[in-house]
Peer 1: 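Here it is, the structure, as structure tokens.
So that the names make sense, note that chain A is the first sequence line, chain B the second, and so on, each numbered from 1.
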Amino acid sequence: EVQLLESGGGLVQPGGSLRLSCAASGFTFSSYALSWVRQAPGKGLEWVSTFSADGVSTYYADSVKGRFTISRDNSKNTLYLQMNSLSADDTAVYYCAKAVVGGTLHAFDMWGQGTMVTVSS
Amino acid sequence: QSALTQPPSASGSPGQSVTISCTGTSSDVGGYNYVSWYQQHPGKVPKLMIYEVSKRPSGVPDRFSGSKSGNTASLTVSGLQAEDEADYYCSSYGGNKNLVFGGGTKLTVL
């Protein structure tokens, strides 16, 4: 069974940092692009970042560029998101999502349950 | 990275068809056949319903179909059922190595 399990969310003060993890199972992790998508409370979906399947390319939304860093460890089947300089606008559920076969930046066929990040003093 | 434009709400009676639009620009929706649609029930995880404009993942009923004309993509749900009531989001490759989502449409089955 294909599964994505996020962890690392929590309450952090403005200006603080947090590292999210996404443990994958049930598929060949290294063969797929993986992304982070977030959803603020009561709001819509927002793409955050993607790491290509070839392990070379990373992509970021303008809203997080320079503050967030995506990485992956194929030996541990785990995707990460290092989040720095957090603000209240970053408060959201963060989903880990797997790209469709051959895709990078267009469709996600598997999503994790999400981890909540709350930025507040 | 402007969000794609979706109507905030749509509705239809059981058995009817409803179409949800998703309008972008020639730099995203109109420029690539990389439009996707997601269904999200309250408190649940998004589910891929359509990708690459009109392809359905395995397990998605053929009542769901997608199309595109110019800068506007559409999701049509035929034979509406109660369980189709959910939020629907479109997305598109944005051209400049990014992905954009629509604001979402709340579909109500009357």
Peer 1: Mind running side chain to side chain contact (heavy atoms under 4.5 Å, CB included) on A/Phe108 and B/Leu99 for me, showing each step along the way?
Peer 2: CA-CA 11 Å; A/Phe108 311 121; B/Leu99 178 76; 3.4 Å; yes

Peer 1: Should B/Asn98 and A/Asp62 count as side-chain neighbours, where that means a heavy-atom distance under 4.5 Å?
Peer 2: no

Peer 1: How about A/Trp47 and B/Val100: do any of their side-chain heavy atoms sit closer than 4.5 Å?
Peer 2: no

Peer 1: Roughly how far apart are B/Ser91 OG and A/His106 NE2, rounded to 0.5 Å?
Peer 2: 9.0 Å

Peer 1: Counting only heavy atoms closer than 4.5 Å, note whether A/Gln113 contacts chain B via side chain, backbone, both or neither.
Peer 2: both

Peer 1: Applying the 4.5 Å side-chain criterion to the ILVMFWY set and letting contacts propagate, would A/Tyr80 and A/Phe27 be lumped into a single cluster?
Peer 2: no

Peer 1: Taking side chain as everything from C-beta outward and backbone as N, CA, C, O, which of these in B/Tyr38 sits under 4.5 Å from a heavy atom of chain A? Side chain, backbone, both or neither.
Peer 2: side chain

Peer 1: Check the hydrophobic clustering (I, L, V, M, F, W, Y; side-chain heavy atoms under 4.5 Å; chains of links allowed) and say if A/Tyr32 and A/Val2 are grouped together.
Peer 2: yes

Peer 1: Answer yes or no: does atom OH of A/Tyr59 have more than 12 heavy-atom neighbours from other residues, nucleotides or ligands under 6.0 Å?
Peer 2: yes

Peer 1: Any heavy-atom pair between the side chains of A/Val37 and B/Phe101 that's under 4.5 Å?
Peer 2: yes

Peer 1: What about A/Leu5 and A/Met116, same hydrophobic cluster or not, with Ile/Leu/Val/Met/Phe/Trp/Tyr joined at side-chain heavy-atom distances under 4.5 Å?
Peer 2: no

Peer 1: Are A/Leu45 and B/Pro46 side-chain neighbours, meaning at least one heavy-atom pair lies under 4.5 Å?
Peer 2: yes

Peer 1: Supply the atom-to-atom distance A/Trp111 CH2 to B/Lys44 NZ, rounded to the nearest 0.5 angstrom.
Peer 2: 16.0 Å

Peer 1: Spell out, yes or no, whether A/Leu34 and A/Val56 are grouped together once hydrophobic residues are joined by side-chain heavy atoms under 4.5 Å, including indirect joins.
Peer 2: no

Peer 1: Given heavy-atom pairs under 4.5 angstrom as the criterion, report whether the side chain, backbone, both or neither of A/Tyr95 touches chain B.
Peer 2: side chain

Peer 1: Rounded to the nearest 0.5 Å, how far does NZ of B/Lys97 lie from OG1 of A/Thr104?
Peer 2: 11.0 Å

Peer 1: Starting from A/Met110, can I reach A/Val101 by hopping between I/L/V/M/F/W/Y residues whose side chains sit under 4.5 Å apart?
Peer 2: yes

Peer 1: Any side-chain heavy-atom pair from A/Gln39 and B/Tyr89 closer than 4.5 angstrom?
Peer 2: yes

Peer 1: Sort B/Pro57 into side chain, backbone, both or neither according to what part of it lies under 4.5 angstrom from a heavy atom of chain A.
Peer 2: neither

